[in-house]
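Right, one structure below, let's go through it.
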Amino acid sequence: MQEPLLGAEGPDYDTFPEKPPPSPEDRARVGALQNKRVFLATFAAVLGNFSFGYALVYTSPVIPALEHSLDPDLHLTKSQASWFGSVFTLGAAAGGLSAMILNDFLGRKLSIMFSAVPSAAGYALMAGAHGLWMLLLGRTLTGFAGGLTAACIPVYVSEIAPPGVRGALGATPQLMAVFGSLSLYALGLLLPWRWLAVAGEAPVLVMILLLSFMPNSPRFLLSRGRDEEALRALAWLRGTDADVHWEFEQIQDNVRRQSSRVSWAEARAPHVCRPIAVALLMRLLQQLTGITPILVYLQSIFDSTAVLLPPKDDAAIVGAVRLLSVLIAALTMDLAGRKVLLFVSGYAMGWGPITWLLMSEVLPLRARGVASGLCVLASWLTAFVLTKSFLPVVSAFGLQVPFFFFAAICLVSLVFTGCCVPETKGRSLEQIESFFRTGRRSFLR
């Protein structure tokens, strides 16, 4: 009997009771090859998150450098610095909005590949900037690419990964974003700001090259009626020795039952609106904890405090601690469960990686592309408000005021986790979706 997702007592449920799943022994026999190919496809995709994390914190070492620039066309005032830091989030919001269309029109993989165009253009503009407008446009374009990948990559990873490793792989977007940020902090100790932008082009090019050889999501291919291509994609991901027909029939049955796009009337149905509401609120609370303005202005924050080490070194140390924390979360998420880490860990081990994973897990298939874009749009609009207002608030009231607000939001997040977030560890996407249809317990009660 499956443990209820929210701990409620009730009858067992099976998404596909007529066909028993393969035995654990059968799964273990092909697990190594299966996971190897899934890991390769995941790595190719999450290079987009590396670029996103790199671009997000690009301003941390660059703003202090430009505030002391002798070039009048590039010298930044406090007001201009707040725009340079925050305009990335407006681009990310636009990227999330475009993902609502591209995710289902081009598919997950091609949407990720498309993000390379604005990303490469944005880095080129910042590397060759001769005025503030080039810096702002470059930040906006890299933000657009980041918002697009933020919506597409978690969905792609969750749809290609088997349940047994989906938690670990679901943490890799955040892991690579943190690694990208750490790489920027580390290179900031060595390179001038223009060369930091040049270095940002490398992961974009590698991502395009690797993704060219990876399959699309089998679920997306089935939703477009490309059944044979979907079977080949699933067979490649699971390995030539794996019997994929049972899993393929699960996915096929679920896609057929949801072959049409969700209408606005259907979106009000509890089994659709509840998971969307959970994902949306998690993304909003994640941003309201203040992570984006803290990372964007990290070196400037250390500049205004009485720290012993140079601010550049402090920023690099923060990046290393974040990377270690996300790595621990990736290794323990499928053992401890999602809710446990949300309760007992900090941002980098809990609300950072798990929010992205749960968004891709709980959203219903018919609305997954649009809903993931909506979540990213709302998230980055919130991030823009926080990032644009952070420096003026600090100038007027000091650092303690925004940090007290962030602490209060963390308490609200704990209550929300206990009341509304399901435990999805070890369950297939079809089982999670089936849970929202059962109505065994009011989800948002």
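Residue numbers count from 1 along this sequence.
For the atom pair E229 CD and L222 CG, the distance stands at 10.0 Å (nearest 0.5 Å). Atom CE of M176 and atom OG1 of T42 lie 11.0 Å apart (nearest 0.5 Å). The distance from atom CG of L125 to atom CG of L137, rounded to the nearest 0.5 Å, is 5.0 Å. Note: F105 CZ to R224 CZ = 9.0 Å, rounded to the nearest 0.5 Å. In this structure, the separation between CD1 on I409 and CG on L414 is 11.5 Å, given to the nearest 0.5 Å. Taken from CZ in F84 to OG in S79, the straight-line distance is 14.0 Å, to the nearest 0.5 Å.
Within the 4.5 Å cutoff, the side chain of L135 has no heavy atoms near those of the V87 side chain. By the 4.5 Å heavy-atom criterion applied to side chains, L381 and V385 are not counted as neighbours. Side-chain contact check for M113 versus S212: some heavy-atom pair is nearer than 4.5 Å. Residues V296 and S86 are not in side-chain contact: their nearest non-hydrogen atoms beyond the backbone lie 4.5 Å or more apart. Here the side chains of R338 and E423 are in contact, with some heavy-atom distance below 4.5 Å. Using a 4.5 Å heavy-atom threshold, the side chains of L231 and V244 count as touching. Contact annotation: the side chain of V38 approaches that of P162 to within less than 4.5 Å [non-hydrogen atoms, C-beta and beyond]. No side-chain heavy atom of F43 sits under 4.5 Å from any side-chain heavy atom of V206.
A donor-acceptor pair is defined here as one N or O able to donate and one able to accept, closer than 3.5 Å; such a pair exists between the side chain of S158 and the backbone of V155. Side-chain N or O atoms of Q400 include one that pairs as donor or acceptor with a backbone N or O of F397 at under 3.5 Å. With hydrogens and angles disregarded, no donor-acceptor distance shorter than 3.5 Å links the side chain of S379 to the backbone of L284. A donor-acceptor pair under 3.5 Å is formed between the side chain of S111 and the backbone N or O of L102. Under the 3.5 Å distance criterion, the side-chain polar atoms of S181 are matched with a main-chain donor or acceptor of G53. The main-chain N or O of P61 is never found under 3.5 Å from a side-chain atom of K312 such that the two would form a donor-acceptor pair. Between the side chain of T59 and the backbone N or O of V62, no donor-acceptor pair lies under 3.5 Å. Counting only distance, with no hydrogens or angles, the side chain of S119 and the backbone of S115 share no donor-acceptor pair below 3.5 Å. No donor-acceptor pair under 3.5 Å is formed between the side chain of Y185 and the backbone N or O of D314. Proximity of a side-chain donor or acceptor of S51 to a complementary backbone N or O of L47 within less than 3.5 Å is not detected.
I112 and C152 get closest at one heavy-atom pair: CG1-CB, 3.8 Å. When every heavy atom of M214 is checked against every heavy atom of Y156, the shortest pair comes out as CB-OH, 4.0 Å. Here the shortest heavy-atom pairing between V362 and A279 reads CG2-CB, 4.2 Å. Of all non-hydrogen atoms in V278 and C420, the two that sit nearest each other are CG2-O, 3.8 Å. When all heavy atoms of L363 and P275 are compared, the pair lying nearest together is CD2-O, 4.1 Å. Nearest heavy-atom pair across S82 and K388 is OG-NZ, 3.1 Å.
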Q: Apply the test side-chain contact (heavy atoms from CB on, under 4.5 Å) to residues R108 and I153: give CA-CA distance (whole Å), side-chain angles for both, the deciding distance (0.1 Å), then the verdict.
A: CA-CA 7 Å; R108 289 56 158 142; I153 293 176; over 6 Å; no

Q: Give the intermediate values and the outcome of side-chain contact (heavy atoms from CB on, under 4.5 Å) for residues R322 and Q174.
A: CA-CA 10 Å; R322 290 182 65 221; Q174 180 71 8; 3.8 Å; yes

**Q.** CA sep, side-chain torsions, deciding dist, call: F406, L288, side-chain contact (heavy atoms from CB on, under 4.5 Å)
**A.** CA-CA 7 Å; F406 299 151; L288 288 171; over 6 Å; no

Q.
Under the criterion side-chain contact (heavy atoms from CB on, under 4.5 Å), I'd like the reasoning laid out for L285 against T289: C-alpha separation, chi angles, the key distance, then a yes or no.
A. CA-CA 6 Å; L285 288 171; T289 60; 5.7 Å; no

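In the displayed structure, F384 atom CZ is contacted under 6.0 Å by more than 12 heavy atoms of other residues, nucleotides or ligands.
Donor-acceptor pairing under 3.5 Å is lacking for the side chains of T382 and Q287.
Relative ring orientation between F50 and Y54 is described as parallel, the plane-to-plane angle staying below 30° on a 0-90° scale split at 30° and 60°. Using bins of under 30°, 30° to 60° and over 60° for the plane-to-plane angle, the ring pair W380/F88 lands in the perpendicular bin.
A cation-pi arrangement is not found for R139 relative to Y58, the charged atom failing to lie both closer than 6.0 Å to the ring centre and inside a 45° cone about the ring normal.
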Report all side-chain donor-acceptor pairs from residues 195-203 shorter than 3.5 Å, counting only partners two or more places apart or in another chain.
unit_1: E201; atom_1: OE2; unit_2: A124; atom_2: N; d: 3.3

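In this structure, E67 pairs ionically with K78, as a charged nitrogen and a carboxylate oxygen lie closer than 4.0 Å.
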